[in-house]
Amino acid sequence: MAFEPIRKQRQPGIPCNLADYDQAVRDFSWGKARAELDGLPGGRGLNICHEAVDRHAAGPRASRPALRCVARDGAVTEFSYASLRSQTSRFANLLRALRTGKGDRVFSLLGRVPELYVAALGTLKNASVFSPLFPAFGPEPIRERLSLGDGKVLVTSPQLYERKIAPIRDSLPGLEHVLVTGGPPDAKTTGLAEAMAGCGEDFEIPPTDPQDMALLHFTSGTTGRPKGAVHVHEAVVAHHATAAAALDLRPDDVFWCTADPGWVTGTSYGIIAPLAHGLTLMTDAADFEARRWYRMLAEHRVTVWYTAPTAIRMLMRYGPELPASCDLSALRFIASVGEPLNPEAVVWGERALGLPIHDNWWQTETGAIMISNFASMEIRPGSMGRPLPGVTAGLLARGADGRARVTDGKVTEITEPGAEGELALRPGWPSMFRGYLHDDERYAEAFGGGWYLTGDVARRDCDGYYWFVARADDVIKSAGHLVGPFEVESVLLEHPAVAEAGVIGTPDPVAGELVKAFVSVTPGYEASGELRLELIAFGRRRLGAVAPKEIEFDQHLPHTQSGKVMRRVLKARELGLPTADLSTMREAR
Ligand code: ATP
Ligand code: MG
């Protein structure tokens with residue numbers, strides 16, 4: 001089945017932020033995008049927290065709900081912009097009292113509780129550096145990141161402290177303060193609430209250079225050991241501009257980003273961008289649960305929803321009855337990021353939710369959305385869309401190692417429609433990472449011939465839409481064909497028995513590599529020999545020569561904590577090799 005382009009019905013009277021792509025690209029400049037923000041009073045620079053909180057708190061939006069945090073039990077804690085300003089100022093004053101200042105690293109290890117958001121924004125307000133840790137990490141990955149990132153302050157809960165920090169505390173001499181959200185469990189910790197209560201609600205943001213370090217984000221670790229990407233305060237210009245263009249965010253929206261702030265999406269778009277637009281940001285402390293998620297969307301009248309392919313595929317498994325029984329009439333726009341979004345999921349959105357899913361592409365390193373399907377533009381299911389205004393993307397010819405070939409500092413750009421190359425971006429957008437912490441060599445290697453080299457392989461069609469092929473490391477070379485796992489996975493996912501798929505190449509003396517698929521089956525289907533044969537035949541009909549020759553059922557495909565299928569783990573297991581860094585792998589459920 002070929003997937004037809006999805007043309008949008010324009011909603012009468014509600015023009016999209018980006019109504020005409022070509023014109024938006026022509027008219028755009030980062031200078032104009034910067035002018036949409038206020039900057040610190042008195043020309044003292046640009047600070048993320050001022051743009052996200054204080055400037056709204058000082059104006060007519062002061063009493064508007066800024067942050068609505070839903071706890072696991074459904075209880076709601078709401079902050080207006082004014083109260084968020086007071087709370088973040090208290091936190092910033094607390095940091096100051098702890099002699100923690102500009103450039104010092106403040107880590108969080110928290111669930112999605114209000115204190116996480118206050119700590120993140122209060123840290124930025126103080127011009128310190130915020131680094132969020134995903135709370136499901138075990139003690140060793142936490143120790144590694146705190147140590148690599150020179151953590152001086154950590155904000156955590158008593159439970160997480162006892163389970164994960166107490167055993168490693170002595171090995172972290174640089175960690176001076178541990179602030180805990182409940183009663184302090186021991187003398188080495190400080191109660192956050194009490195300490196904040198002793199601090200004032202007024203705080204003057206120190207002068208902040210747009211190039212001052214603001215955020216330290218560790219990558220997902222899909223391809224190996226996670227890297228610490230450094231971002232600066234100027235990134236807020238890109239967060240704000242891209243959220244307007246790619247997510248169509250407006251000041252009256254209720255926005256829900258399901259990503260955890262432990263990952264870049266959950267900070268760039270789960271904290272900063274929506275607040276910079278002065279809207280109401282929803283957060284949910286609970287993990288994925290289909291019924292709960294539909295209830296969240298309906299009860300909180302969410303208008304724009306940003307989620308991930310794995311979540312969408314899990315919702316698809318539950319069928320269309322559940323969304324049909326909920327009032328999703330407030331929803332205006334749905335977007336997804338993190339992994340390739342198979343065309344069937346895009347179309348499913350339109351059928352089951354009444355809206356197609358808009359895929360977009362970016363990385364921890366890019367700090368903000370770089371390629372996107374836009375509200376006003378036709379969607380080509382399976383495509384990541386087109387570069388954001390202000391972003392120049394290109395495809396570069398690759399060498400034998402699969403990466404862009406850089407010879408004497410020169411690269412070859414591929415312009416032929418449909419040809420594959422390494423996806424590259426022209427440096428210069430404000431949220432570009434400024435380094436991999438303590439790894440200058442690796443940072444330097446990420447650039448070549450005047451481009452930032454993303455490590456992903458893509459194609460571009462004749463209308464400028466980009467199509468993800470694979471991570472350069474994942475491309476399979478089989479009998480003279482270059483096979484992107486995503487293409488094979490997308491086809492398998494169209495079969496009703498397939499809930500999820502991970503595709504790798506296995507060595508073969510004749511073909512070089514053979515395509516092998518690991519498949520988890522949808523509830524109600526049996527992982528039988530018969531189904532295996534059926535899927536092989538299904539693949540062959542649809543994919544011809546690049547169809548998987550072998551299919552193995554696995555109900556527990558390895559995922560990163562951020563929800564991506566870890567093909568390198570499937571491959572290492574297949575070959576009986578060590579699986580290398582597993583710190584970001586999610587426990588099998
Ligand atoms: P690591 O760099 O540690 O291996 P990671 O690359 O998964 O981990 P992230 O920065 O979280 O860490 O993810 C960015 C990558 O995710 C992209 O380079 C791309 O491979 C994949 N990705 C993100 N969005 C999309 C998308 N819309 N379509 C296809 N792939 C995507
Ligand atoms: Mg990466």
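Counting starts at 1 for both ligands and their atoms, in listed order.
Summary of contacts: the protein heavy atom closest to atom 17 (C) of ligand 1 is D456 OD2, 3.2 Å. Among protein heavy atoms, the minimum distance from atom 7 (O) of ligand 1 is reached at T222 OG1, 2.4 Å. Atom 13 (O) of ligand 1 has as its closest protein heavy atom K564 NZ, 2.6 Å. The single protein non-hydrogen atom nearest to atom 11 (O) of ligand 1 is S220 OG, 2.7 Å, given as residue, atom name and distance. Nearest protein neighbour of atom 24 (N) of ligand 1, counting heavy atoms only, is G338 N, 3.2 Å. Protein heavy atom at the shortest distance from atom 4 (O) of ligand 1 is T223 OG1, 2.3 Å. Of the protein's non-hydrogen atoms, T364 OG1, 2.5 Å is the one closest to atom 10 (O) of ligand 1. The nearest protein atom to atom 6 (O) of ligand 1, hydrogens excluded, is given as R471 NH1, 2.9 Å; this is a heavy-atom distance.
When non-hydrogen atoms are compared, ligand 1 lies under 4.0 Å from neither the backbone nor the side chain of W263. At a heavy-atom distance under 4.0 Å, only backbone atoms of N360 (N, CA, C or O) approach ligand 1. Heavy atoms of K227 found under 4.0 angstrom from ligand 1 belong exclusively to the side chain. Counting heavy atoms closer than 4.0 Å to ligand 1, residue D359 contributes side-chain atoms (C-beta onward) but none from N, CA, C or O.
In this structure, V337 counts as a contact residue of ligand 1, since one of its heavy atoms falls inside 4.0 Å of the ligand. Between W362 and ligand 1 there is a heavy-atom distance shorter than 4.0 Å.
Here E339 pairs with R313 in a salt bridge; the nearest charged N to carboxylate O distance falls below 4.0 Å. Taking the charged nitrogens against the carboxylate oxygens, D248 and R332 do have a contact shorter than 4.0 Å, which makes a salt bridge. Salt bridge annotation for R434-E234: present, with a cationic side-chain nitrogen under 4.0 angstrom from a carboxylate oxygen. Using a 4.0 Å cut-off between a side-chain N of Lys or Arg and a carboxylate O of Asp or Glu, E494 and R542 qualify as a salt bridge. At a threshold of 4.0 Å, the pair D463-R380 counts as salt-bridged, since one of the basic side-chain nitrogens sits closer than that to a carboxylate oxygen. In this structure, D473 does not pair ionically with R568, as no charged nitrogen and carboxylate oxygen lie closer than 4.0 Å.
Note that R460 lies outside the cation-pi zone of W467, set by a 6.0 Å cut-off to the ring centre and a 45° limit from the axis.
Under the 3.5 Å distance criterion, the side-chain polar atoms of H217 are left unmatched by any main-chain donor or acceptor of T364. Between the side chain of D359 and the backbone N or O of G382 there is no donor-acceptor pair closer than 3.5 Å. Remark: the backbone N or O of L160 is not paired with any side-chain donor or acceptor of T156 at under 3.5 angstrom.
The closest non-hydrogen atom to atom 29 (C) of ligand 1, taken over P340, S562, S372, comes from P340.
Here the CZ-SG distance, from F333 to C16, works out to 8.5 Å after rounding to the nearest 0.5 Å.
At under 3.5 Å, a nitrogen or oxygen of T219, whether backbone or side chain, sits near a nitrogen or oxygen of ligand 1. Between G221 and ligand 1, at least one N/O pair is under 3.5 Å apart. Polar contact check, Q363 against ligand 1: a nitrogen or oxygen pair lies under 3.5 Å apart.
Counting the atoms of ligand 1 from 1 in the order shown, those under 4.0 Å from a heavy atom of E339 are 22 (N), 23 (C), 24 (N), 25 (C), 26 (C), 27 (N), 28 (N), 29 (C), 30 (N), 31 (C).
For K516, the side chain to side chain contact (heavy atoms under 4.5 Å, CB included) partners are I504, T506, F518, E550, E552, E574, not counting sequence neighbours.
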